[in-house]
There are 2 protein chains.
Amino acid sequence: MGITKTDLFTKEQNELAVLAKAFAHPARIAILQYLLDSNTCINGDLVNELGLAQATISQHLRELKNAGLIQGNIEGVSMSYCIDPEKWEDVKELFNGMFDKIHNCGPKDECC
Amino acid sequence: MGITKTDLFTKEQNELAVLAKAFAHPARIAILQYLLDSNTCINGDLVNELGLAQATISQHLRELKNAGLIQGNIEGVSMSYCIDPEKWEDVKELFNGMFDKIHNCGPKDECC
DNA sequence: ATTATATATTGCAATATTACGATGAATAGG
DNA sequence: CCTATTCATCGTAATATTGCAATATATAAT
């Protein structure tokens with residue numbers, strides 16, 4: 001029915017899914033990579049950088065902000081975004097907590 | 001328009017987005033965690049474990065398989081799934097390549 | 001062959017996402 | 001005050017996702 005049954009899952013599972021959803025669009029990845037690269041935070045240069053309309057970029061920025069991955073600071077007329085370093089660290093650890101849970105499958109990888 | 005303009009982005013950006021999309025549902029996280037935990041790979045126990053219909057689980061499994069995260073082996077009547085260890089390692093490195101790109105912001109976190 | 005078991009696929013309804021033009025709000029400069 | 005600039009929000013169209021019942025397929029056992 002297009003609606004996710006979040007109540008069936010743990011808090012951690014839902015948290016990971018929400019964060020993954022924030023990463024689940026190449027424009028948002030591109031925005032994050034841009035921010036990672038230019039540390040000094042950026043606004044609507046993204047409109048020129050990516051080939052998307054201003055409204056679309058704004059929408060993606062809002063989603064990244066809702067997920068807590070980025071912050072926005074008013075800078076006169078323009079809006080300056082940047083990655084939230086603490087959240088970023090949390091997210092990294094949350095994902096790696098999952099990535100690292102894989103077992104060592106013995107000498108000949110007989111997992112399955 | 002509901003369609004992602006993949007041609008605007010790099011191969012890596014699209015790859016990350018596709019993988020993130022595979023993670024972007026708590027049921028799929030739950031399935032992966034189950035597989036990570038029971039190493040010995042699992043099939044429709046997931047239907048009992050999670051509270052979702054068999055068809056729904058099957059659909060999620062297909063998406064995880066399409067993303068390359070899991071493999072399916074026919075085991076008599078049933079289907080045995082497991083995580084693809086090599087792909088898992090690739091995915092981990094791809095995500096960490098992004099996570100680790102964050103700059104050290106100097107003594108007082110003056111990023112923005 | 002028939003039945004039981006296990007999983008995949010199809011078809012559909014409800015909802016979510018993506019994209020953009022148009023419009024609104026807020027600031028800076030004249 | 002008027003205008004330009006920058007960004008957010010609204011409304012809308014196109015498409016994707018989620019979930020499940022029903023049905024199909026495939027193997028194993030009797």
Side-chain angles (χ1 to χ4, degrees), chain A residues 1-9 13-14 17-32 34-35 41-67 70-82 112, chain B residues 1-9 13-14 16-31 34-35 41-67 70-82 112:
Chain A
M1 306 165 179
I3 192 167
T4 297
K5 295 191 159 181
T6 52
D7 52 306
L8 290 178
F9 308 102
Q13 287 163 347
N14 284 309
V18 166
L19 288 167
K21 199 174 275 183
F23 289 126
H25 195 288
R28 292 195 290 272
I29 298 283
I31 291 172
L32 290 169
Y34 194 99
L35 286 173
C41 315
I42 301 301
N43 53 359
D45 310 294
L46 294 164
V47 177
N48 302 321
E49 194 68 14
L50 321 180
L52 292 171
Q54 182 267 319
T56 309
I57 300 284
S58 190
Q59 206 171 3
H60 283 306
L61 284 167
R62 185 174 43 184
E63 282 176 67
L64 289 171
K65 206 164 121 197
N66 285 344
I70 66 175
Q71 301 170 326
N73 301 85
I74 299 169
E75 192 104 2
V77 187
S78 72
M79 192 73 173
S80 185
Y81 284 100
C82 65
C112 43
Chain B
M1 304 162 183
I3 192 166
T4 297
K5 297 189 158 182
T6 52
D7 52 306
L8 291 178
F9 308 102
Q13 287 163 347
N14 284 309
L16 264 166
V18 165
L19 287 168
K21 199 174 275 182
F23 289 127
H25 195 289
R28 292 194 289 272
I29 298 283
I31 290 171
Y34 194 99
L35 286 172
C41 316
I42 300 301
N43 51 2
D45 309 294
L46 294 165
V47 178
N48 301 321
E49 195 67 13
L50 320 180
L52 292 171
Q54 182 267 321
T56 309
I57 300 285
S58 190
Q59 208 172 359
H60 284 305
L61 285 168
R62 184 173 44 183
E63 281 177 65
L64 289 171
K65 204 163 122 197
N66 285 344
I70 65 174
Q71 301 171 325
N73 300 84
I74 299 170
E75 190 102 5
V77 188
S78 72
M79 192 73 171
S80 185
Y81 284 101
C82 65
C112 44

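Where A:G76 and A:H25 each meet DNA chain C at their nearest nucleotide, the meeting point lying more 5' is that of A:H25. Nearest-nucleotide positions on DNA chain C place B:M79 closer to the 5' end than the other of A:K21 and B:M79. Position along DNA chain D of the nearest nucleotide to A:D45 versus A:T6 favours A:D45 as the more 5'-ward residue.
At whole-Å resolution of the value, CG in B:L8 and C1' in C:dA19 are 11 Å apart. Protein atom CD of A:Q59 is 9 Å distant from nucleotide atom C1' of C:dC20, rounded to whole Å. A straight line from CZ of B:R62 to C1' of C:dA6 spans 16 Å, rounded to a whole angstrom. Counting to the nearest Å, the P atom of C:dA19 and the CG atom of B:D7 are 10 Å from each other. Following rounding to the nearest Å, A:L52 (CG) and C:dA19 (P) show an atom-to-atom distance of 6 Å. One interatomic measurement links the two molecules: CD1 of B:I74 to C1' of D:dT25, which rounds to 12 Å at whole-angstrom precision. In this structure, B:F23 places its CZ atom 16 Å from P of D:dT17, rounding to the nearest Å. For B:L61 and C:dA6, the CG to P distance is 15 Å, given to the nearest whole Å.
Nucleic acid contact class of A:E63 (heavy atoms, under 4.0 Å, all strands): sugar-phosphate only. When heavy atoms are screened at a 4.0 angstrom cut-off, B:S58 is found touching base atoms of the nucleic acid. Contact annotation for A:A55: base contact, defined as any heavy-atom pair under 4.0 Å involving a base atom. Using a 4.0 Å heavy-atom distance criterion, B:I57 is classed as making no nucleic acid contact. When heavy atoms are screened at a 4.0 angstrom cut-off, A:S78 is found touching the sugar-phosphate backbone but no base atom.
Listed pair A:Y81 / D:dT6 fails the phosphate criterion, with no side-chain N or O lying under 4.0 Å from OP1 or OP2.
The shortest distance between side-chain heavy atoms of A:L32 and A:I70 falls below 4.5 Å. For the pair A:Y34/A:L50, no side-chain contact is recorded, criterion being any heavy-atom separation below 4.5 Å from C-beta on.
Scanning all heavy atoms of the two residues, the minimum distance from B:L19 to B:A67 falls at CD2-O, 4.0 Å. Nearest heavy atoms, A:C82 versus A:N73: SG-OD1, 4.3 Å.
For B:T56, the side-chain atoms get nearest to D:dC20 when compared with the rest of C:dA19, D:dC20, C:dT15.
Between the A:R28 side chain and the B:A17 main chain, no donor and acceptor come within less than 3.5 Å of each other.
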